[in-house]
Protein chains: 2
Amino acid sequence: MARIIDVAKHAGVSVASVSRVLSGLPGVSEDTRARVQAAAKALNYRPDLAARRLRSRRTDTIGLIVSDIRNPFFTEVSRAVEDMAYEHGQRVILCNADEDPEKEAFYLELMHNENVSGVILSPTLQLLSQFRASDYTFPVVLVDRCERSTEADAVVLDNVDAAYRLTEHLIERGHRRIAFLYGAGSATGQQRNEGYSLAMARAGLAAQASALRPVVADARDAALELLAGRQPPEALMASNGLLLLGVAEAVRELGLPCPERIAVAGFDDLPWVRLVDPGFTVIAQPTYDIGHAAIELLLQRIAQPSQAVRRVVLRGELIVRGSTAQRVTAPA
Amino acid sequence: MARIIDVAKHAGVSVASVSRVLSGLPGVSEDTRARVQAAAKALNYRPDLAARRLRSRRTDTIGLIVSDIRNPFFTEVSRAVEDMAYEHGQRVILCNADEDPEKEAFYLELMHNENVSGVILSPTLQLLSQFRASDYTFPVVLVDRCERSTEADAVVLDNVDAAYRLTEHLIERGHRRIAFLYGAGSATGQQRNEGYSLAMARAGLAAQASALRPVVADARDAALELLAGRQPPEALMASNGLLLLGVAEAVRELGLPCPERIAVAGFDDLPWVRLVDPGFTVIAQPTYDIGHAAIELLLQRIAQPSQAVRRVVLRGELIVRGSTAQRVTAPA
DNA sequence: CTGTTAGCGCATTCAT
DNA sequence: ATGAATGCGCTAACAG
């Protein structure tokens, strides 16, 4: 393996000049630059990253800790982050905390040890409840999850608003007994519950919300139980794609016609939601924009560590499909 | 930040002893060991990874380059790899090549620069066609994609067999005109086409296979075209989850009753395939096992760089659902 | 504009 | 079992 000194000899210059050229620093003549590049190419030289990082005390690496990589939402976000990061000469370490605070702590520790330039994180509720960006040795930007009082840069959906609009849509379509199944494990779920409750209250309707683990099976069971009750809901609303999947399973199992007997709505415009029978009405999140905004925020924070905390709040898009058609009630 | 010399002073020993203790090397008295550990804890010492890597010439890092992170198959595989890797003291760099040979090359280059211990890779067809593990400076294990002659460790599904069994199942259920939509961009798709063709030939039926890009929209369009033909197929079979999604969209758009008018089958037991109306019959892949086997192979290869090339071939599981019910034909 | 040189923090000889 | 000393390959400070 060629080292920097070999390149220097080959080009007939000093190692300092080689370093300058390869780091794109100014203060090198065109001639030297060209010769160094030729020599580097001829020797197929690659700088040793470990040495460079040790010496420069920079890693040009950002960490991305998502809470569940199986969730297509995070998959999309991570694509945006990666794309942008590499464009800015940053590498990405992608980690999956799996909604597990222990794993999350492990990875944050790892980030510290790796001496990353910064981290983008979708925190568990436990972590978020006491989160302060200043507790970390590196800049942190939160995505998807953030409470109003959290002292950290963040990019989130306007969850309250989105859930409010979705609920409102169901109400407008004539549904009254609207049950909400939401993920209790995240700030996002709680905020969406707020929006739902608000809309129901404004309409003078009774809210019926179930806090669940963000697991398909739990949503399915909860939906089955609700639908088996004496006064089953006319509409089911889920706070994210996973729970929506569980709701869909339950409705299908019971063979209830949708939307005639049961309307369905949820979050996340996943590939399959327009596939199931009447097509599901959902709030679509601007996933790519979210990832984009997050890394933008992070890069700026890295450049300006002491700037004021900033928050980017994006709006969800209501996509209406057959599952929330106008309710037809027998005339009184 | 505490450095190794601080720990040494605090413990009243030399840096060499500290290094030995923290690397878990033998040749240290119990007493010293305890004092070093206490000192490290007291100072909240973390070894500088850049320095350690520079000096030791090891990174304890493995690279995982998947061809499409949005594909749930790879998401599952990556979970298995991560779990195992951390258990073995290896860190994982997860990269998404997006089925793009350029990105793939970029990441392989990155792996080289990062000096990883080894790489797990699902190669594009272009790369695979001329792939030799010996061309790389690090051990490589292929996952999901591999040709018979490829000189590299690999973990794959028995694609020919799986497709053969799936086709056979359709034939047994009375379907004759069975069209196959497969991803032309991967070895996997081609092998599944082999299995399909073989089964059709054995049954004396004419194969009708369409090579497609692994994109939902293309599968949808192809399926629409097939179904609009003068003699439309009685069954559609897709070579992976994405294409199956496209097929499902087409069938739904046309409002064709499934399985009466059109049977459907495919690969990958994704969450939604049992959700769509009659439930889709699929071949399920043992994704976690695949990831597990891959890293197992890699770790052994790292330990034994010159051992013979090995291949793990796993069997797919046929999961029968409503979409392939017995075909009812009018008596002749 | 260019070269010389001193470490970055650690693992690893080689003594003892 | 322990410590002193060396240098991994590079960047950055400084001198010229």
Side-chain angles (χ1 to χ4, degrees), chain A residues 1-40 43-61 89-91 110 112-117 137-138, chain B residues 1-40 43-61 89 91 110 112-117 137:
Chain A
M1 206 58 234
R3 296 166 305 173
I4 197 170
I5 193 171
D6 302 316
V7 178
K9 283 178 184 161
H10 192 101
V13 298
S14 71
V15 292
S17 291
V18 176
S19 176
R20 287 189 190 102
V21 171
L22 297 178
S23 300
L25 294 176
V28 188
S29 73
E30 264 320 307
D31 179 55
T32 314
R33 186 173 299 276
R35 289 167 59 202
V36 167
Q37 278 163 345
L43 299 179
N44 190 27
Y45 169 74
R46 336 281 185 95
D48 184 299
L49 293 180
R52 171 177 280 181
R53 288 170 181 158
L54 172 58
R55 179 59 234 237
S56 70
R57 305 277 66 198
R58 298 181 313 126
T59 56
D60 291 332
T61 298
Q90 299 277 329
R91 265 169 296 279
L110 179 72
H112 183 166
N113 294 338
E114 292 283 350
N115 191 29
V116 295
S117 327
T137 57
F138 40 79
Chain B
M1 207 58 232
R3 293 167 305 173
I4 197 171
I5 193 172
D6 302 317
V7 179
K9 283 176 182 163
H10 192 102
V13 299
S14 72
V15 293
S17 292
V18 177
S19 177
R20 288 191 189 99
V21 171
L22 297 179
S23 300
L25 294 175
V28 186
S29 72
E30 264 320 307
D31 177 55
T32 322
R33 186 173 300 276
R35 290 166 58 203
V36 166
Q37 279 164 344
L43 299 178
N44 189 29
Y45 169 73
R46 338 281 186 92
D48 183 299
L49 293 181
R52 170 176 281 182
R53 287 171 184 157
L54 172 59
R55 180 59 234 244
S56 69
R57 306 276 67 198
R58 300 181 314 124
T59 56
D60 291 332
T61 298
R91 176 179 78 103
L110 179 73
H112 183 166
N113 294 337
E114 292 281 353
N115 191 28
V116 295
S117 329
T137 56

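Numbers restart at 1 for each chain; the letters A, B, ... are given by sequence-line order, proteins then strands. What you are looking at is a predicted structure, and each value in this text was computed from that prediction instead of being measured.
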Short side-chain N/O contact from A/Thr32 to OP1 or OP2 of C/dC1, under 4.0 Å: no
Spacing between A/Arg57 atom CZ and C/dC10 atom P, to the nearest angstrom: 8 Å
Sugar-phosphate, base or nothing in reach of B/Ser19, heavy atoms under 4.0 Å: base
N or O in side chain of B/Ser29 less than 4.0 angstrom from D/dT2 OP1/OP2: yes
Residue met sooner reading DNA chain D from 5', once B/Gly27 and B/Arg55 are mapped to nucleotides: B/Gly27
B/Asn113 CG to D/dG9 P, straight-line distance once rounded to whole Å: 15 Å
Atom pair distance, as rounded to whole Å: CG in B/Asp60 and C1' in C/dC10: 14 Å
Atom-to-atom span, CG of A/Asp48 to C1' of C/dG9 - whole angstrom: 14 Å
Sugar-phosphate, base or nothing in reach of A/Arg20, heavy atoms under 4.0 Å: base
A/Arg58 vs B/Asp31, nearer the 5' end of DNA chain D by closest nucleotide: B/Asp31
Between P of C/dC10 and CG of A/Leu54, the distance in whole Å: 9 Å
Nearest-angstrom distance from the residue atom CD1 of A/Ile4 to P of D/dC8: 14 Å
Main-chain N/O of A/Arg58 paired to A/Ser56 side chain as donor or acceptor, under 3.5 Å: yes
Between B/Thr61 and B/Arg91, a side-chain donor and acceptor under 3.5 Å: yes
Interface with DNA chain D, restricted to residues 6-18 of chain A and to heavy atoms under 4.0 Å: A/Ala16
A/Arg35 bridged to A/Asp31 by N-O distance under 4.0 Å: yes
Presence of salt bridge, B/Arg53 and B/Asp48, under 4.0 angstrom: no
Rounded distance (Å) that lies between atom C1' of C/dC8 and atom CD1 of B/Ile5: 13 Å
Heavy-atom side-chain contact between B/Asn44 and B/Arg46 under 4.5 Å: yes
Closest approach of A/Leu22 to A/Tyr45 (non-hydrogen atoms, all atoms of both residues): CD1-CE2, 3.3 Å
For residues 3-13 of chain B, please give each side-chain donor-acceptor pair under 3.5 Å, one per line with the distance, not counting sequence neighbours.
from, atom 1, to, atom 2, distance (Å)
B/Asp6, OD2, B/Arg3, N, 2.8

Value in whole Å for how far the P atom of C/dT12 lies from CZ of B/Arg53: 15 Å
